[in-house]
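Source: prediction; values computed, not measured. Note that these values count all heavy atoms, side chains included, but never hydrogens, waters or copies made by symmetry.
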Amino acid sequence: MNIKTITAFLVICLSLLSLSAYGKSKKDEFRKLYENLPFKMDKVKRPSIPSRTVNIKDFGGVADGKTLNTEAFKQAIKALSEKGGGHLVVPAGIWLSGPITLVDNIDLHVTKNAVLVFSPDQSLYPIIDTNFEGLDVRRCLSPINALGAKNISITGGGIIDGSGEYWREVKKRKVSSDQWKEITKRGGVLAEDGSVWYPDEGYMKARKTAGSLNYPDPSLDENEIKTFLRPVMVSLRECENVLLEDCTFQNSPCWNIHPLYCDEVIISNITVRNPHYSANGDGIDIDACTNVIVTGSSFDVGDDAICIKSGKDEDGRRHGKACSNLIISDCTVYHGHGGFVVGSEMSGGVNNIKVSDCRFIGTDVGLRFKSTRGRGGLVENIWCENIFMKDIVTYGVVFNLYYEGVAATDMSKDPKSDIQPVDETTPEFKNMDFSGIVCAGAKQSVFINGLPEMPVKGIVFKDSYFQAQKGHEVNFAENITFENVTEEVKK
């Protein structure tokens with residue numbers, strides 16, 4: 001045997017050992033998460049992936065960081081699928097690729113020393129019909145995507161990078177002068193006042209018509225504004241039995257991970273990273289899904305970190321899919337607009353969520369609940385316990401029913417007082433329990449800003465401690481209870 005043959009043999013052996021450990025029965029691994037759960041929830045099962053294994057190199061893959069491996073991934077997944085599925089091993093190296101589509105019974109196994117980087121070449125990402133920010137829209141195909149797939153996973157401990165710097169706009173005020181110089185060196189165009197960098201003219205044109213939102217004038221040429229239609233990095237739509245484990249997901253063009261209309265999802269021991277200045281750089285957006293576990297993971301992102309959604313306005317109400325039965329435990333958020341967030345797209349409803357034993361360090365808000373008139377939807381039955389927060393920029397806990405697409409740091413403090421009729425477009429938040437909350441530093445401990453026609457109702461705070469510049473404030477709310485709660489005000 002020559003050295004190349006021996007090396008290849010060892011790689012395969014190590015991969016098989018890893019996959020063997022992965023395949024062991026883990027039916028009781030999340031047992032503790034279900035103990036004393038305040039709602040009924042079926043046990044979430046890991047995907048059942050066949051033991052069959054292939055290596056991306058066997059399909060012509062080259063790990064030099066410059067060879068495009070899109071076709072190699074496509075052929076490897078096709079070969080596995082035709083035999084009933086299995087594990088696609090991505091060994092050590094830098095793997096450049098276009099979009100990868102997962103199908104039934106496939107595990108994308110990105111090993112520890114593998115870096116999977118997605119090409120910024122826009123021609124590789126066709127514009128498709130999809131759903132983003134709760135609306136049925138047209139956006140670019142996601143770098144990793146699946147539609148209606150069952151038993152799929154991304155594992156192995158490697159790094160998955162979306163090359164988001166080629167897609168996102170950047171506000172000058174959010175970066176240092178050195179960073180700004182590096183960003184503008186990439187070309188692109190500047191806003192007339194020089195305050196924003198755009199990747200290209202088309203993006204800037206779309207932004208002018210979209211304002212602060214992400215929905216441009218539909219009469220614009222899609223191909224001209226393609227960069228503005230930037231994709232989420234991992235899009236999993238209508239999938240069942242999904243596992244994301246051990247890997248790092250970073251530098252996404254838009255949101256990082258977006259499970260939509262999925263059932264039985266496990267997110268375990270992953271790292272999610274985006275630059276703090278990344279526009280729409282959310283960590284994970286769990287959107288109208290059921291039976292989800294998020295555990296042992298860390299987030300350091302440019303927008304909301306762990307976010308729960310269920311559609312927006314008329315589109316969300318028409319789909320009518322609630323986000324329900326979620327367990328979120330043992331997660332850390334280092335940066336983000338919110339640590340744990342519900343909304344603002346919640347028109348299909350959100351219920352039965354337990355969030356426990358999490359740490360939020362320096363986030364804009366700790367626990368964030370947001371919506372506005374026009375959404376509709378009911379958010380209820382949420383339990384947050386043993387949440388430890390430090391150096392929160394604004395609110396430890398906030399309910400803002402006047403959210404208008406701005407960061408919490410820019411939120412208006414003056415609620416409107418005109419009473420509107422209650423109908424299907426009126427959002428409702430009620431019946432939530434917060435216990436064991438420790439907030440060591442915030443601008444304000446708790447801020448509740450309900451609607452005069454639909455107050456926030458039935459919120460209980462107990463056995464908690466807040467150190468903040470200002471104590472709690474409640475507007476348009478009913479049955480708000482504080483039991484054994486200490487608020488230490490420090491100006």
Side-chain angles (χ1 to χ4, degrees), residues 174 276 283 298-308 328 331-344 353 355-371 379 382-404 406-415 429-430 432-451 455-491:
K174 290 194 172 186
H276 73 274
S298 67
F299 301 81
D300 193 341
V301 296
D303 207 314
D304 290 330
I306 304 170
C307 194
I308 313 304
I328 298 166
C331 290
T332 303
V333 179
Y334 293 102
H335 185 275
H337 289 179
F340 170 76
V341 182
V342 175
S344 67
I353 300 177
V355 186
S356 64
D357 303 297
C358 292
R359 287 80 48 192
F360 305 149
I361 312 298
T363 56
D364 286 356
V365 177
L367 298 161
R368 186 183 194 191
F369 302 83
K370 53 182 177 174
S371 188
V379 177
I382 296 177
W383 290 262
C384 299
E385 63 181 45
N386 300 334
I387 309 297
F388 304 94
M389 303 182 269
K390 184 178 185 296
D391 299 330
I392 303 303
V393 177
T394 58
Y395 308 100
V397 181
V398 63
F399 287 81
N400 179 24
L401 275 295
Y402 286 93
Y403 180 77
E404 295 177 347
V406 298
T409 46
D410 300 321
M411 190 179 81
S412 170
K413 289 185 179 180
D414 299 319
F429 286 67
K430 67 178 185 178
M432 303 185 200
D433 190 288
F434 300 84
S435 63
I437 310 297
V438 177
C439 179
K443 187 174 182 179
Q444 187 167 11
S445 58
V446 176
F447 182 58
I448 299 178
N449 206 29
L451 295 172
V456 174
K457 302 172 185 175
I459 310 300
V460 176
F461 294 90
K462 60 186 178 184
D463 303 327
S464 296
Y465 168 83
F466 294 89
Q467 181 194 96
Q469 297 175 33
K470 185 179 180 181
H472 70 272
E473 180 181 352
V474 176
N475 301 303
F476 305 120
E478 298 175 357
N479 300 322
I480 310 301
T481 304
F482 290 82
E483 302 174 4
N484 191 32
V485 174
T486 299
E487 292 181 283
E488 183 177 353
V489 177
K490 287 191 174 183
K491 299 293 185 180

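- Exactly one of His472, Glu487, Glu473 qualifies for a side-chain contact (heavy atoms from CB on, under 4.5 Å) with Gln444. That residue is Glu473.
- Ring pair Phe369/Phe434 is perpendicular by interplanar angle, where above 60° counts as perpendicular and below 30° as parallel.
- Of the possible donor and acceptor atoms, one in the side chain of His335 sits under 3.5 Å from a partner among the backbone N and O of Val301.
- For the atom pair NZ of Lys470 and OH of Tyr395, the computed distance is 8.0 Å after rounding to the nearest 0.5 Å.
- Of all heavy-atom pairs between Ile306 and Cys331, the closest is CD1-CB, 4.0 Å.
- Inter-residue side-chain proximity for Phe360 and Leu367 is flagged as met; some heavy-atom pair is nearer than 4.5 Å.
- Between Asn400 and Asn449 the shortest heavy-atom distance is OD1-ND2, 3.7 Å.
- Not one N or O on the side chain of Thr363 forms a donor-acceptor pair closer than 3.5 Å with the backbone of Ile361.
- Of the inter-residue distances, the one linking Glu385 atom CD with Asp463 atom CG reads 10.5 Å to the nearest 0.5 angstrom.
- The two residues Val379 and Met432 come nearest to each other via the heavy atoms CG1-CE, 3.5 Å.
- Here the closest non-hydrogen pair linking Gly471 and Val489 is N-CG2, 3.9 Å.
- From Leu401, atom CG reaches atom OG of Ser371 across 6.0 Å, with rounding to the nearest 0.5 Å.
- For the residue pair Asp303 / His337, a side-chain donor-acceptor distance below 3.5 Å is found, with atom types taken as modelled.
- The CG atom of Asp364 sits 6.0 Å away from atom OG1 of Thr394, with the distance rounded to the nearest 0.5 Å.
- Between Phe461 and Phe482, the ring planes are parallel. Angles under 30° get that label, and only those over 60° would be called perpendicular.
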Please step through side-chain contact (heavy atoms from CB on, under 4.5 Å) for the pair Ser435 and Asp433, ending with a clear verdict.
CA-CA 7 Å; Ser435 63; Asp433 190 288; 4.0 Å; yes
Between Phe476 and Ile448, is the side-chain contact (heavy atoms from CB on, under 4.5 Å) condition met? List the steps.
CA-CA 8 Å; Phe476 305 120; Ile448 299 178; over 6 Å; no
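- Considering every non-hydrogen atom in both Tyr402 and Gly450, the closest pair reads CE1-O, 3.3 Å.
- For the pair Gly396 and Ala442, the tightest heavy-atom approach, listed with the atom from each and the gap, is N-CB, 4.2 Å.
- Phe340 pairs in a side-chain contact (heavy atoms from CB on, under 4.5 Å) with only one of the listed residues (Asp304, Val365, Ile308), which is Ile308.
- The side-chain heavy atoms of Val398 and Lys370, taken from C-beta on, include no pair separated by under 4.5 Å.
- In this structure, the separation between CE on Met389 and CD1 on Ile437 is 5.5 Å, given to the nearest 0.5 Å.
- Within a 6.0 Å radius of OH in Tyr465, other residues, nucleotides and ligands contribute more than 12 heavy atoms.
- In Lys174, the NZ atom is crowded: over 12 heavy atoms of neighbouring residues, nucleotides or ligands sit closer than 6.0 Å.
- The distance from the CZ atom of Phe388 to the CG atom of Asp357 is 6.5 Å, given to the nearest 0.5 Å.
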